Amino acid sequence: MNPIRIKAALTRRHLMGLAAGGLTAGLLPLKGWAEDDDKSSSLSSTAPAALASTGLSGQRVVVAGGGMAGMTAAKYLRLWGGSGVQVTLVEPDAVYTSSIMSNLVLNGSRNVDSLRFKRDALTTQYGVVRKAGQVVAVNASARTVTVSDKSVLAYDRLVLAPGVSFDNAYGLTQADYETRTPHAWRAGAQTTLLRNQVAAMRNGDIFVMTIPKSPYRCPPGPYERACVVADYLKRAKGPNCKVLVLDENLSIQAERHTFELAFSTIHAGVIEYVPGVSHIVINPGTKQVSYVDPVGGTQVVQARVVNPIVPHRASGSVSGGWLAQAGLNNSADGRWANVDVLSYESTAAGAQGIHVIGDAASCGMPKAGHVANQEAKICTDAILRLLAGGQPYARPVANSACYSPITATKASWLTAVYQYDATERKMKIASNGGQTLVNGLPAAATESSSIDGDNFENMSIWFRTLMADTTA
Ligand SMILES: Cc1cc2nc3c(=O)[nH]c(=O)nc-3n(C[C@H](O)[C@H](O)[C@H](O)COP(=O)(O)OP(=O)(O)OC[C@H]3O[C@@H](n4cnc5c(N)ncnc54)[C@H](O)[C@@H]3O)c2cc1C
């Protein structure tokens, strides 16, 4: 059976759909999958969902983290697993604030309130039990987690989806991020602070942003942000502002064609892109930034606004953190959780029954919300099969999709299909020039050939669809 239901006539928007390849995914309609290529977005319903009847009973799954990955897992564990799978979602924040689309707060197109999503439907429609708090310890041998209120939850399977935390870097502290030099790489109060700082710039001022070495959350996101800010500054402040992009990577990390075009034409003279930068030091008081440019040597620049997208890591993976104490940050650099991509089960010693999804995991796919949704579905499918005494589906397929605003009205996009490679035991882009189909979808990574208004419009539809599939 084809694991993904596909309409006969596929449109490009369908190619960016939200199904992920596990057999269970094929048995159920996906609420977020638009039936037509119209602009419909009324995808949520208020009635309790009809949960699958699987015969599973008395199984306990705890999900830690109610972001893009964790909400999707909690919802689909119930929807596909049925009422016999008890799902508890542990999450400290009452409401989810989407980082996706948050760059549009910086040019005033959106505000942070428009990015907030309630998690109520997880309870009312799917019967997920929500627990306010943070997981502070994992006991893998006892199969329990401790929550910040000191309660202890037992699990048969544990799904960790805590997202990322941000290093103290370039001479800055967490307090600097909150008050003076926001990274705004997790949307919320820092996004509003950065918006206010950009809005207060004057013609001739310099905005400096930094990009950490890959892997980082949302590969095209920093370049997209540079474009959005440059566009706003040109229109609102005059022609003489500058956006200086200091990239610790040697080249643009995603949508290279799009961003090279945007930097050299649409935003030429405003954006200056410097790759391969090192030794960044930022004075949060004076906003003076020094760095080493591999071509020009040591440079010092006086910024009006500094936006350091600092290196980040799986939440809890700092030395002494709860993820680190459980030994789950087992990537070579200790920043991420390595997983078996058939099940997202941790590969750390003694971590049987513990799955890690979303940005915290290292799985060969980009750290992105759309991908987190896909990982959650593959993981959910595997967990339900394992709980039923089976094995994970052997040929999972996932896709990534990302839209990038380049101006206040124009955008580009990037999409790729990933399939499990049994030889390398990895999810890999099936890149064969787009000729061969994977479950009916073109296989190669594809970048938009133009930066235009249609893409911008479709971006909103994609976002609403993704968030409805994740939260409603
Ligand atoms: C500016 C920007 C633009 C972006 N644009 C896009 C885009 O266009 N497309 C795209 O696909 N992605 C985009 N992303 C990336 C996307 O936001 C992330 O990849 C996605 O949110 C990752 O999902 P996650 O569930 O792993 O983490 P998150 O969504 O961050 O959720 C993590 C959750 O875990 C909770 N948590 C943390 N610690 C604990 C704990 N100990 N116990 C319990 N809960 C805990 C947190 O409160 C949070 O709710 C963008 C990101 C940024 C910053």
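Remember, it's a predicted structure, so these values are computed and weren't measured experimentally. Side chains are part of it too, since the values below use all heavy atoms of this structure and drop only hydrogens, waters and symmetry mates. Just so you know, ligand 1 is whichever comes first in the structure, and atom 1 is the first atom listed for that ligand.
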Exercise for the section: Work out whether the distance between some heavy atom of Cys402 and some atom of ligand 1 is less than 4.0 Å. Expected result: yes

Problem - Any Arg119 heavy atom less than 4.0 Å from ligand 1 - result: yes

Exercise for the section: Give a yes/no verdict on whether any heavy atom in Ala161 is under 4.0 Å from an atom of ligand 1. Expected result: yes

Handout entry: Under 3.5 Å: N/O of Asn103 near N/O of ligand 1
Key = no

Practice task
Please state whether Gly221 comes within less than 4.0 angstrom of ligand 1, counting heavy atoms only.
Solution key: no

Handout entry: Close approach, Trp462 and ligand 1, non-hydrogen under 4.0 angstrom
Key = yes

Exercise for the section: Give a yes/no on ligand 1: does Trp322 have at least one heavy atom closer than 4.0 angstrom to it? Expected result: yes

Problem - Ion pair check, Asp359 and Arg313, cut-off under 4.0 Å - result: no

Problem - Basic-acidic side-chain contact under 4.0 Å: Arg186, Asp93 - result: yes

Practice task
Scan side-chain atoms only and decide if Asp176 and Tyr170 contain a donor-acceptor pair under the 3.5 Å cut-off.
Solution key: no

Problem - Check: Ala187 main-chain N/O paired with Ser99 side-chain donor or acceptor under 3.5 Å - result: yes

Fill in the blank from the handout: Residues at least two apart in sequence or cross-chain that pass side chain to side chain donor-acceptor pair (under 3.5 Å) with Arg78, listed by chain then number, are none

